[in-house]
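Reminder, nothing fancy here: chain letters follow the sequence lines and each chain counts from 1.
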There are 2 protein chains.
Amino acid sequence: MINVKVTSQDVASRAGVSQSAVSRVFSGASASKATIAKVRKAADELGYRPNSLARAMITGKSKIIGLVVAYLDNQFYPIALQRLSESLQKQGYHILIFTAGNDAEATQKVIEELIDYQVDGIITASVGMSSNLTQHCATAGIPIVMFNRGQDGSGHSSITSANVEGGRKVAEFLTAGGHKRIAHIAGWEGSSTGRDRRRGFTEGLAANGQTPLDIIDGMFDRAAAAAATRTLMARSDPPDAIFVGNDHMAFAVMDTLRQELGLRIPQDVSVVGYDDVPLAAWGAYDLTTVRQPVNRMVEATVETILAKIEDPARPAQKIEIDGPLITRGSARIPKGWTP
Amino acid sequence: MINVKVTSQDVASRAGVSQSAVSRVFSGASASKATIAKVRKAADELGYRPNSLARAMITGKSKIIGLVVAYLDNQFYPIALQRLSESLQKQGYHILIFTAGNDAEATQKVIEELIDYQVDGIITASVGMSSNLTQHCATAGIPIVMFNRGQDGSGHSSITSANVEGGRKVAEFLTAGGHKRIAHIAGWEGSSTGRDRRRGFTEGLAANGQTPLDIIDGMFDRAAAAAATRTLMARSDPPDAIFVGNDHMAFAVMDTLRQELGLRIPQDVSVVGYDDVPLAAWGAYDLTTVRQPVNRMVEATVETILAKIEDPARPAQKIEIDGPLITRGSARIPKGWTP
DNA sequence: AGGGTTAATGCATTCGTATGCATAAGGAAT
DNA sequence: ATTCCTTATGCATACGAATGCATTAACCCT
């Protein structure tokens with residue numbers, strides 16, 4: 001009771017059985033009713049719980065998933081993290097979490113530490129992987145799933161929303177709304193999400209006979225997005241609509257337009273974001289945006305990684321999940337609009 | 001190179017030394033220049049990295065800190081998580097993260113799983129601990145630090161901001177501003193933070209000859225806070241100022257006041273929050289609030305838990321860190337106000 | 001009652017690293 | 001050169017649970 005460490009051996013002695021018997025009871029292997037009862041009783045009395053680390057050593061399965069996440073100030077990620085955590089907990093897995101910005105060096109270090117802990121798999125949220133690192137994980141036999149970021153030819157599985165399609169939807173929506181000078185503050189060019197949304201958007205505009213007024217890389221950063229907004233609005237022909245690469249930046253754009261430049265949204269400028277984080281629905285922003293279906297993305301992520309853990313031979317898959325455009329008050333709504 | 005698992009034994013063979021020598025090189029114990037070089041070389045060639053789990057088994061130190069966090073939609077916690085993660089990583093520790101709401105049962109389960117993983121310590125962010133659980137951790141010899149939540153008589157260390165003092169500051173500020181009907185949408189009554197802020201606030205009002213117009217428990221929840229706002233404003237003598245128990249709720253209050261009730265802030269109602277999350281500074285809200293100095297709170301948390309890990313005999317300490325009132329545009333600023 | 005089959009259990013070993021102990025090697029001092 | 005001390009290194013064992021193998025108990029059938 002007062003003893004700090006209770007081992008299966010202790011339980012065995014007290015129950016009058018062998019250590020193996022105790023192990024079998026707790027690992028669900030076969031045992032007679034009688035011994036199960038004896039062991040359970042002794043274990044309860046002693047407060048025994050199996051040591052997960054020792055178990056991990058011998059089985060080679062730590063039941064730990066490494067999670068590397070880049071941004072935590074963008075509300076999208078905490079939400080995703082929460083869902084991931086719940087979902088993995090339910091499956092008996094646990095999350096070893098690391099934060100690493102867009103710093104390749106830091107990412108490298110972090111991933112290696114994850115490997116040291118013998119994680120069964122790694123989920124990266126919006127972080128890139130060098131091919132070097134990829135190799136590392138491959139030889140270590142650790143499956144990787146990229147969440148909200150793809151990487152061509154990396155051989156990793158990835159789960160994203162249908163970003164190209166999403167960009168196109170925004171283009172359709174804004175052109176249908178009669179906008180003639182449409183600008184784009186893009187997500188970071190170094191990310192597949194940023195590039196895909198941009199591509200879908202320009203393609204969508206082209207399909208409607210328009211070209212973007214301007215495209216500026218917002219780096220997924222508030223300050224950069226605010227600066228881009230100023231640049232755009234300082235033009236002699238300022239935009240009448242701005243598609244912003246994610247909600248997090250869109251909020252900065254809206255703040256800048258309203259508080260700093262004294263403009264009205266959507267009367268003077270329409271703003272559309274991407275993600276549909278909870279904050280987008282709050283009254284102060286009421287942002288029209290493309291929804292990334294977090295729940296389904298998380299589900300797919302968990303399924304994918306668990307499947308790959310179970311069968312390492314399973315080929316990588318790139319899953320894209322479609323999300324709707326959610327129309328709110330930040331952008332002019334075309335007459336008779338039905339998405 | 002292609003081999004999946006490289007052990008210290010493999011390195012030893014290749015370097016022509018014993019396994020102990022390899023161990024000593026990597027654990028920083030003494031070894032001659034010559035062997036260090038040989039071992040390092042062999043290890044590099046094989047891509048060897050020590051197995052943290054095995055190391056944890058033998059040393060009894062996993063270098064893992066368990067983190068249990070309740071709310072992730074309140075921006076305060078992701079930020080704190082990020083800082084905690086960075087700070088602990090720097091000290092060679094890693095975070096096993098769990099989410100658990102205000103559900104005591106879930107908390108229990110989660111903590112037990114943490115113990116199973118032999119974590120060196122546990123940090124709880126805004127989650128309560130039953131005395132039962134407390135006992136559990138104590139016998140397991142695992143130190144606990146409560147972040148942003150205190151618990152009298154629990155014997156745990158806790159790090160909070162000076163909540164009573166903070167509540168008082170708000171009272172002074174609002175009375176100085178000439179407000180006469182001041183209401184409070186409190187943080188959850190079941191939490192020390194909620195209670196302390198409330199107490200400081202009522203004491204502060206009393207010191208200025210006022211009593212709260214009304215106090216409603218907002219449960220740290222947006223919907224509850226919005227409902228409370230409606231209740232307050234439906235009175236025949238609606239408040240001219242509302243102190244809200246944290247920023248997260250304050251945003252909901254502001255949304256309700258402005259979008260739903262068509263009121264102006266601060267002309268019709270002043271709103272003051274608590275936390276000073278980044279979002280509070282964004283243009284759309286521009287919320288006057290009491291800052292919780294996250295950085296210093298995190299520093300103190302890390303220091304406290306590491307100290308307790310190093311010396312388990314060290315007594316629990318309750319640390320309170322003072323934070324300033326940050327005046328912005330959501331509340332009338334008293335003439336000549338200097339905090 | 002005896003042979004055969006199945007279920008239960010214990011023994012011994014294993015996972016990969018750290019560490020106490022004993023021994024060997026190297027160096028300094030006389 | 002001998003002794004003494006320091007520093008390195010290898011050997012063997014330990015951490016705590018899981019598991020293949022061998023043994024034993026239990027049961028069933030004829």
Inset, instruction - List in chain and number order the residues that pass ring pair (Phe, Tyr, Trp, His ring centres under 6.0 Å) with Phe98(B), two or more places apart in sequence or in another chain; answer none if no residue qualifies. - result: His94(A)

Enumerate all atom pairs, one protein N or O and one N or O from nucleotides 13-18 of chain D, separated by less than 3.5 Å.
from    : atom 1 : to       : atom 2 : distance (Å)
dA17(D) : OP1    : Tyr48(A) : OH     : 2.9
dA17(D) : OP1    : Asn51(A) : N      : 3.2
dA17(D) : OP2    : Ser8(A)  : N      : 2.4
dA17(D) : OP2    : Ser8(A)  : OG     : 2.9
dA18(D) : OP1    : Arg55(A) : NE     : 2.3
dA18(D) : OP1    : Arg55(A) : NH2    : 2.9
dA18(D) : OP2    : Ser23(A) : OG     : 2.8
dA18(D) : N7     : Gln19(A) : NE2    : 3.2
dA18(D) : N6     : Gln19(A) : OE1    : 3.0

Legend entry - Sidechain N-carboxylate O distance under 4.0 Å for Glu45(A), Lys41(A): yes

Distances for protein N or O near nucleotides 5-8 of chain C N or O, under 3.5 Å:
none

Table please: side-chain donor-acceptor pairs of residues 52-62 of chain B below 3.5 Å, with sequence neighbours left out.
from     : atom 1 : to        : atom 2 : distance (Å)
Ser52(B) : OG     : Asp116(A) : O      : 3.4
Thr59(B) : OG1    : Arg55(B)  : O      : 2.8
Thr59(B) : OG1    : Lys61(B)  : N      : 3.1
Thr59(B) : OG1    : Lys61(B)  : O      : 3.4
Ser62(B) : OG     : Ile64(B)  : N      : 3.2
Ser62(B) : OG     : Gln118(B) : O      : 2.8
Ser62(B) : OG     : Asp120(B) : OD1    : 3.4

Inset, instruction - Starting at atom NZ of Lys61(B), determine the distance to atom P of dT19(C), rounded to an integer number of angstrom. - result: 12 Å

Inset, instruction - Applying ring pair (Phe, Tyr, Trp, His ring centres under 6.0 Å), name anything that partners Phe26(A), two or more places apart in sequence or on another chain. - result: Tyr48(A)

Inset, instruction - Give a yes or no on whether Lys318(A) atom NZ has more than 12 heavy-atom contacts from other residues, nucleotides or ligands under 6.0 Å away. - result: yes

Legend entry - Any Lys308(A) side-chain heavy atom under 4.5 Å of Val145(A) side chain: no

Contacts table for residues 75-84 of chain A: side-chain donor-acceptor under 3.5 angstrom, sequence neighbours left out:
from     : atom 1 : to        : atom 2 : distance (Å)
Gln75(A) : OE1    : Leu279(A) : N      : 3.0
Tyr77(A) : OH     : Ser126(A) : OG     : 2.4
Tyr77(A) : OH     : Asn148(A) : ND2    : 2.9
Arg83(A) : NE     : Asn295(A) : OD1    : 2.5

Inset, instruction - Check whether the side chains of His136(B) and Glu112(B) place a donor and an acceptor atom closer than 3.5 Å, and report yes or no. - result: yes

